[in-house]
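All heavy atoms count here, side chains included; hydrogens, waters and symmetry mates do not. This is a predicted model, so every value here is computed, not measured.
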Amino acid sequence: MGKLGGFLQIERHGIPQRDPAERARDYREFLLPRPAGELREQGARCMDCGVPFCHNGCPLGNLIPDWNDLVYRDRFRDAIVQLHATNNFPEFTGRLCPAPCEAACVLEIREGDAVTIKQIENSIINRAWEEGWVLPEPPRRETGWGVAVVGAGPAGMAAAQQLRRAGHQVTLFERDEALGGLVRFGVPDFKIEKAVVERRVTQMIAEGVEVRCGVDVGRDVSVAELRERFDAIVLATGSRVPRDLPVPGRELDGVHFAMDYLYQRNRWVAREFGPEPAVAQPPVEREITASGKHVVVIGGGDTGADCIGNAMREGASSITQLELLSEPPPHRPDEVTPWPEWPLKYRLSYAMQEARTAGVGEQDYSVATTRFGDDGDGAVAALHIAQAEAAPPFAPVAGTERELPAQLVLLAMGFLHPEQELLEQLGVERDPRGNVKAVKPYTTSVEGVFAAGDARRGQSLIVWAINEGRQCARMVDRYLAERQAAAGGPPARPIVDEGLAGHADADEGPEGPPFRAGPGIVAG
């Protein structure tokens with residue numbers, strides 16, 4: 001374990017951030033590293049609990065007490081081995097995950113005192129890249145089986161890397177011009193610089209993964225071609241159909257889905273600061289800009305915050321973030337989300353902190369949108385809102401109507417399910433929510449077709465995406481090994497996932513989001 005009694009002697013020090021006024025003027029990452037000595041002290045706070053609830057809090061089953069102790073002992077090279085044993089891309093999760101592991105830390109029983117797990121995780125992988133410890137891991141043998149992975153977000157990338165390391169020929173298809181999915185195109189550079197994503201792409205290519213960007217499977221490549229060429233198919237297309245707001249005036253110019261705006265901003269940053277995609281060219285898009293406008297963001301999650309951060313850097317006149325639900329309490333409500341569950345409490349986003357510092361940001365809860373106002377020329381000019389009732393369907397309360405100026409409205413209300421066209425062409429069954437239905441773990445109703453990530457699970461966290469990609473790869477590898485055995489071939493060496501430590505049986509689920517919503521998960 002860490003230092004004996006360290007949790008009693010050493011205070012928690014969270015992740016330092018750049019000054020909000022300064023960072024809102026550029027697109028560099030706003031989180032700052034800590035010196036190695038301070039990180040070792042934070043690792044010393046880990047108690048190596050007899051029942052490490054952090055394992056349960058982390059969907060990946062990260063070996064958290066192990067690498068906390070190794071950091072405390074200044075054994076960073078051993079720590080990255082432990083970290084990579086369960087997580088293909090810890091630099092993604094170390095920057096973007098909301099850290100449910102910290103919410104489940106035993107020290108978090110005293111709210112706000114958890115071990116800074118996310119900070120330590122990020123420091124380990126950053127050190128590993130700096131020292132040159134992260135190298136391509138090509139397979140020791142080739143199996144001769146071919147696998148197509150459709151969708152190159154975290155789930156697809158994790159599945160492709162695991163399958164390639166098992167010796168299969170893997171082709172990763174992505175309709176956008178570069179790999180990374182929403183990590184590349186939805187999340188701004190000031191949260192994760194895209195060179196961080198690109199170096200993982202370089203590693204995967206060096207391992208032998210064939211990358212085909214700018215290819216829309218089902219259109220550019222037919223399902224028949226895919227079935228003929230490959231022995232197995234993994235669907236990792238994400239949950240990309242956004243939730244709409246069907247009120248009068250929705251068709252007005254200036255009302256956009258959040259991802260349309262974020263994709264465009266990320267492409268602009270790539271053109272201006274790099275790295276630009278080397279495989280395929282981005283599409284020509286109509287410009288969506290927040291510069292000089294009154295901006296309203298509808299939706300209080302991470303996507304909404306990222307819209308605010310971009311609007312700040314563009315120079316919006318004002319930014320208002322609206323949320324349909326009531327404002328969460330400032331502290332963990334034990335009667336609703338007791339430890340070690342994810343606490344439903346108020347958190348000031350990095351972006352709203354920037355907007356408030358600049359005097360242009362406002363956040364409002366329990367707000368229902370009734371209609372969009374027209375400027376007379378077909379563009380949005382105002383948002384008509386009212387106080388929302390406290391319970392579903394959150395109807396507007398009579399007599400509370402008011403109007404907000406708005407020349408740009410961004411809808412950041414989450415996603416419904418994966419796009420259906422490819423699923424229909426493949427003929428896979430879907431669940432009542434429109435996600436790919438797994439008739440067996442990660443296995444669809446169609447022979448040789450598997451599903452992972454948000455396309456199977458529904459909108460969720462990056463840690464769930466990576467976990468799903470890894471576990472789906474195990475099921476694909478098992479399927480191919482059974483085919484090889486049936487054909488009289490030599491027994492295959494299965495993918496072994498050390499991340500199963502602390503999990504009862506990954507083959508039995510999970511089937512979908514928990515009944516009680518966790519961070520970024522809509523309860524089903």
Side-chain angles (χ1 to χ4, degrees), residues 24 27 182 185-188 190 240-272 282-324 349 351-352 354-356 358-388 394 396 400-416:
Y27 290 85
L182 296 191
F185 294 105
V187 181
F190 40 87
R240 292 293 303 277
V241 176
R243 182 174 284 106
D244 208 343
L245 185 59
V247 298
R250 170 63 181 88
E251 75 286 350
L252 292 173
D253 189 25
V255 182
H256 302 276
F257 289 120
M259 281 301 155
D260 293 339
Y261 175 65
L262 293 175
Y263 262 60
Q264 191 174 98
R265 293 308 304 161
N266 276 319
R267 283 171 171 147
W268 180 86
V269 172
R271 289 195 301 271
E272 293 293 317
V284 177
E285 300 171 305
R286 180 186 173 192
E287 184 183 25
I288 304 171
T289 180
S291 179
K293 295 180 179 178
H294 295 293
V295 178
V296 176
V297 178
I298 301 178
D302 286 343
T303 299
D306 294 343
C307 288
I308 295 168
N310 271 291
M312 272 295 301
R313 285 156 179 77
E314 279 201 273
S317 295
S318 69
I319 306 170
T320 305
Q321 186 177 30
L322 304 179
E323 172 59 66
L324 183 64
S349 72
M352 187 50 66
E354 294 170 357
R356 288 181 178 177
V360 299
E362 181 182 341
Q363 200 171 15
D364 204 354
Y365 290 85
S366 296
V367 175
T369 302
T370 57
R371 65 184 178 92
F372 299 103
D374 194 336
D375 69 351
D377 292 319
V380 67
L383 196 67
H384 295 264
I385 59 176
Q387 190 74 18
F394 306 107
T400 64
E401 296 84 1
R402 58 191 175 99
E403 180 180 314
L404 287 176
Q407 288 88 48
L408 177 64
V409 180
L410 300 171
L411 307 180
M413 303 180 298
F415 300 87
L416 298 173

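Across every non-hydrogen atom of Ala258 and Cys307, the tightest pair is CB-SG, 3.6 Å. Closest approach of Leu252 and Gly373 over heavy atoms only: CD1-O, 3.6 Å. Of all the heavy atoms in Ala311 and Ile319, the pair that sits closest is CB-CD1, 3.8 Å. Taking all atoms of both residues into account, the shortest heavy-atom contact from Gly186 to Asp306 is O-OD2, 4.1 Å. For the residue pair Asn266 and Pro188, the shortest heavy atom distance occurs at OD1-CA, 3.5 Å. Pairing each heavy atom of Leu416 with each of Pro242, the nearest pair is CD1-O, 4.0 Å.
A donor-acceptor pair under 3.5 Å is absent between the side-chain atoms of Arg371 and the main chain of Pro248, judged by distance alone. With Glu354 contributing its side chain and Ala24 its backbone, the two residues share no donor-acceptor pair below 3.5 Å. At least one donor-acceptor pair closer than 3.5 Å links the side chain of Gln321 to the backbone N or O of Gly299. Here the side chain of Asp377 pairs no donor or acceptor atom with the backbone of Ala379 at under 3.5 angstrom.
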Between Ile308 and Gln363, does a side-chain contact (heavy atoms from CB on, under 4.5 Å) hold up when you go through it step by step?
CA-CA 11 Å; Ile308 295 168; Gln363 200 171 15; over 6 Å; no
Determine whether Arg240 and Leu182 satisfy the following criterion, side-chain contact (heavy atoms from CB on, under 4.5 Å), listing intermediate values before the conclusion.
CA-CA 10 Å; Arg240 292 293 303 277; Leu182 296 191; 4.2 Å; yes
Evaluation steps, side-chain contact (heavy atoms from CB on, under 4.5 Å), between Ile288 and Arg286:
CA-CA 7 Å; Ile288 304 171; Arg286 180 186 173 192; 6.0 Å; no
Which is it for Ser317 and Val360 under the side-chain contact (heavy atoms from CB on, under 4.5 Å) test, yes or no, and what are the steps along the way?
CA-CA 7 Å; Ser317 295; Val360 299; over 6 Å; no
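Taking the side chain as every heavy atom from C-beta outward, Val296 and Thr369 never approach each other to under 4.5 Å. Side-chain contact between Phe415 and Val241 is absent, with no heavy-atom pair separated by less than 4.5 Å.
Ser318 and Glu362 share no donor-acceptor pair across their side chains, judged by distance under 3.5 Å alone. For the residue pair Thr370/His384, the side-chain donor-acceptor check at 3.5 Å is not satisfied.
In this structure, Trp268 and Tyr27 have tilted ring planes: the angle between them lies in the 30° to 60° band.
Within the model, atoms NE2 of His294 and OG1 of Thr320 stand 9.0 Å from one another, a figure rounded to the nearest 0.5 Å. Going from atom CG of Leu324 over to atom OH of Tyr365 covers 12.5 Å, rounded to the nearest 0.5 Å. Expressed to the nearest 0.5 Å, how far CE of Met352 lies from CZ of Arg356 amounts to 6.0 Å. Once rounded to the nearest 0.5 Å, the distance linking OG1 of Thr303 with CG of Leu411 reads 12.0 Å. With rounding to the nearest 0.5 Å, the separation of CZ in Arg265 from OG1 in Thr289 is 6.5 Å. The structure places CD of Gln264 at 13.0 Å from CZ of Phe185, a figure rounded to the nearest 0.5 Å.
Cation-pi geometry between Arg250 and Phe257 is met: under 6.0 angstrom from the ring centre, within 45 degrees of the axis.
A salt bridge is defined here as a Lys NZ or Arg NE, NH1 or NH2 lying under 4.0 Å from an Asp or Glu carboxylate O, and Glu314 with Lys293 fails to meet this definition.
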